[in-house]
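A quick write-up on the structure given underneath.
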Amino acid sequence: MWTLPLRIAALGLFHVGLARQASIRVAEIVAPSSRAWETIVDSDPAALVNLFIGTTAGGHAFPGATVPHGMVKAGMDTDSPGNHAGYDANPAYLATGFSQLHETGTGGDIPLSNFKLWPLSNCPSFEQCHTSLDKRKAPRKILPNGAPDDEASPGYFATNLTTGVRVELTATRRTALHRYTFPAASTNPRIIVDITNDGKMSAREVVMKINGTTGRVVGGATFDGSFGPGSYRAYTCVDFQSESAGFVMPTEFGAWSGDTPKKGTRDNSFDLSTGSQVGALLTFPQSSTNRLTSILARVGVSLISIEQACANAEAEIPHFDFEAVKDASRSQWNDILKRIRVDPVGVPRDTVELFYSSLYRTHIVPADYTGENPKWNSTEPYYDSFYCNWDTYRTLFPLMSLHDPENFAKITRGMIDIQKHEGFLPECRSATVMQHVQGGSNGDPILAEFYVKFSHEAAHLNVSSSDLYLALLADAENSPQDWELQGRQIKPWRLLNYIPSDKYDGEANTRQVSRTLEYAFDDFAISQVSKLLGKVDDHRKYSRRASNFLNVWNPNVTVPGAKEIRGMMQPRLANGVFDYTDPRHCSIHDPDHSTCYLDSYINTDGFYEGSPIVYVPHDTAKLIELQGGKEKFISRLDFIFNQSYFEPTDEPSLQMPFMYHYANRPGLSTQRSRQVIAEFFNTSSNGLPGNDDSGAMGSYVAFLLAGLYPLPATNQILLSSPFFPQVSFRNPLFGTTTTIRSKGFVGNPPSGTGGKVFIKSVSVNGRPYKSNCYLDWDVFVAGSLVELTLTDDINVTCGEGVHALPPSLSTGGYD
Ligand SMILES: *[C@@H]1O[C@H](CO)[C@@H](O)[C@H](O)[C@H]1NC(C)=O
Ligand SMILES: *[C@@H]1O[C@H](CO)[C@@H](O)[C@H](O)[C@H]1NC(C)=O
Ligand SMILES: *[C@@H]1O[C@H](CO)[C@@H](O)[C@H](O)[C@H]1NC(C)=O
Ligand SMILES: *[C@@H]1O[C@H](CO)[C@@H](O)[C@H](O)[C@H]1NC(C)=O
Ligand SMILES: *[C@@H]1O[C@H](CO)[C@@H](O)[C@H](O)[C@H]1NC(C)=O
Ligand SMILES: *[C@@H]1O[C@H](CO)[C@@H](O)[C@H](O)[C@H]1NC(C)=O
Ligand SMILES: *[C@@H]1O[C@H](CO)[C@@H](O)[C@H](O)[C@H]1NC(C)=O
Ligand SMILES: *[C@@H]1O[C@H](CO)[C@@H](O)[C@H](O)[C@H]1NC(C)=O
């Protein structure tokens, strides 16, 4: 994903024990003795999820309350410049509100963060309350260890503000429930409903109404998209209850504009200025019992209408029962988390937490907006928050194949429905807005991943094979109105079989080499589906186009200072002549310090989120040949890691640690992937090296810890050793469980180097397996016991037989 002013290094890294809090508290309750926490893996894995990982220093992970793939994501917003998910764990940033919609781990401009609520414990009078964002914002309470007094677990978020108000959040799919507990001294507890201040402060065409009798506040506005042109309209419906007394009439109410609340006003019609901040302010009676005043706010959201926002709220949370909503959410999370069980015996709690927290983050988006699509009516599911498929196709969806095919099927159906109505599969989308395409049409490998894995179950899951195939062909063959927003730049792709580096159709071309590699992979993915459908000609055609990456390989280019590394992906002019981009480009060694992000389309030197040292996932055998053989391939990989060309924050690099497999050196992959975890991923609030990218990084970490790396749209998964004595994947669709067990597991080397972690041999259900380097999908379909015999010898190989090495397109392709 595109990071704004890149890497946010200026913020500084922020090391506090914050990330530990929620789970430490839980551990104190559940696990008084030292290893008893291990039983939580079976009873309540949600307790092992640390939501604060990656919530500062540019991770942009969302730590608030949501159900799996929920539309509503209720969370705290801060005034951090890195508040893409609202929150920042750095307590230097003040809290500005508790809003209902968020993305997770994105770059772009601040997305969503709509309809903030805000408690005021003691303004001198109604008219003197500070209502605007800047005037009302408040510091969070800070604990003795320097961390903010914040807590979170799946489906729940809580914070204490310095104003003495405790705020708790939980959610259903389209409705949030907030609980504001005011201090005893708060004689006039008040709550602001802020209609206008989304993350971009972009609201216009604002409507708002207050019913002074019921206390209901409804409103809506038009907001700008985050990472592309276009806008969306969103609505809310807020009702209040006192926790001890049930419904209470507000003692005062009124609309506000800027910092001017007007008591008794019932809408925003007095506010004739544009661009001003607008909302409602309500005062509630102090609790008459000895209890503190707790006000529950139920916040329905809709993209259709105010009426629907109210109906969603009434249907989803009829009783304002905070604990019940919170428990129901947690149990939905446990249902998903329990499908992958890691054996914690002999493994530090940190590693187990890292696993479940990473798995958790793969189920925040795409978000289920079914029933909330204003653009067309359909009986199909509607999913949104694909931000962006470029990030998630490699690892997030393949992880879903292993344990959550039903959600995967619904997302697939939603994507196909978008293609039917908009002509092309979604690529990068938030709140119905089409956003910038980054690489190729990366919805293709997602649909192909689904179909390769579930072609036999597709009909049962209500996924139409023919519609799925037509959606793929649309991306592969049709010219979109604007290929920066959907589809591909199809004309030069079909004509030249690469994307030329010079102007095309009169416009400067961007990211040409990256797009050539991505389009080739997209066509590979389509070739896999055409094969399953028996479309022989199409299969031949798309397999041929899958090899188009060869057209941008210049065999003569070397890395300055490392002449032995010869041959690179390079830009090429339409006339066939190669252009030149320094192979150090976009890396930390780039003499020009260029970024490789979208940069308003001025990225014309060929590469996106990766230096010219980019690899081709579907034909690594060919790449080894181009690079001059296995030894050279291995030493180039070593060079890439030694010289920090490996970029853990950007997806093109993700597969590199496992690529030694193809040179028959799986021990080196095992070591590299473990070194990557040791160096770049941990359970601190700064424990992500960059944006989480909508859970892409979470899925990457989950795979590496499980000792696997996926090859999307194929039947193969690369194999290494798990960080656990065993890991089990339960697939509810097949009703089977596959366990990967490390025989003689003795723990993990802390730095990732050495250790008894290398695979000497593999058996499946007691029989020697054809390869030590990968598993076929049918192993997971059937439900199998995969046993790994470990050694401390890094010089292990993939095995002896003809099928020992993982397949590549040029060595016969994929079964
Ligand atoms: C906030 O304060 C309450 C009351 O003192 C305490 O129980 C709670 O643990 C604190 N922290 C959070 C995040 O709610
Ligand atoms: C407030 O809501 C009540 C209950 O729905 C309704 O009867 C009343 O007319 C509303 N008041 C206003 C001013 O709209
Ligand atoms: C969807 O159906 C509803 C109810 O018939 C209608 O009001 C609405 O305009 C339709 N929306 C679109 C985008 O066609
Ligand atoms: C598939 O569609 C049928 C008919 O609409 C429905 O009864 C069934 O529940 C659906 N199955 C799934 C898995 O969505
Ligand atoms: C690479 O160098 C060889 C030998 O000089 C030359 O024949 C070939 O055309 C060059 N290839 C490219 C793509 O520049
Ligand atoms: C990488 O570093 C390792 C150890 O630091 C060294 O053995 C190896 O030769 C280096 N390889 C390259 C290509 O620089
Ligand atoms: C945790 O990970 C971050 C991001 O990669 C890194 O900057 C930090 O040094 C790591 N912290 C520890 C204690 O390893
Ligand atoms: C692995 O191979 C290297 C190079 O051939 C050798 O130096 C090393 O001793 C071997 N390691 C083991 C554990 O046999």
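Start at 1 with the first residue, then count along the sequence. Both counts, for ligands and for their atoms, begin at 1 and track the order of listing.
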Quick one: which ligand 2 atoms are inside 4.0 Å of a heavy atom on Thr214?
2 (O), 3 (C), 4 (C)
Take atom 11 (N) of ligand 2 and look for protein heavy atoms under 4.0 Å from it; say yes if you find one, no if not.
yes
Less than 4.0 Å between atom 5 (O) of ligand 3 and some protein heavy atom, yes or no?
no
Minimum non-hydrogen distance to atom 14 (O) of ligand 1, winning option of Glu151, Arg140, Arg166:
Arg166
Would you mind finding which of Leu161, Asn160, Val167 brings a heavy atom closest to atom 1 (C) of ligand 1?
Asn160
Ring centre gap for Phe284 and Phe240 strictly below 6.0 Å:
yes
Sub-6.0 Å ring centroid separation between Phe98 and His178:
no
For [Y], is there an ion pair with [X] - N to carboxylate O distance below 4.0 angstrom?
{"X": "Lys410", "Y": "Glu380", "result": "no"}
{"X": "Glu323", "Y": "Arg179", "result": "yes"}
{"X": "Asp149", "Y": "Lys141", "result": "yes"}

May I ask you to check whether Trp376 has an N/O atom sitting below 3.5 Å from an N/O atom of ligand 3?
no
For atom 13 (C) of ligand 2, what's the nearest protein heavy atom and its distance?
Arg266 NH1, 4.2 Å
Among protein heavy atoms, which lies nearest atom 8 (C) of ligand 2, and at what distance?
Asn211 ND2, 3.7 Å
What atoms of ligand 3 come closer than 4.0 angstrom to any heavy atom of Pro374?
13 (C)
Which atoms of ligand 3 sit under 4.0 Å from any heavy atom of Lys375?
13 (C)
Checking the side chain of Thr370 only, and the main-chain atoms of Tyr382 only, is there a donor and an acceptor separated by less than 3.5 Å?
yes
Centre of Phe424's six-membered ring, under 6.0 Å away, within 45 degrees of the axis: is that where NZ or CZ of Arg429 sits?
no
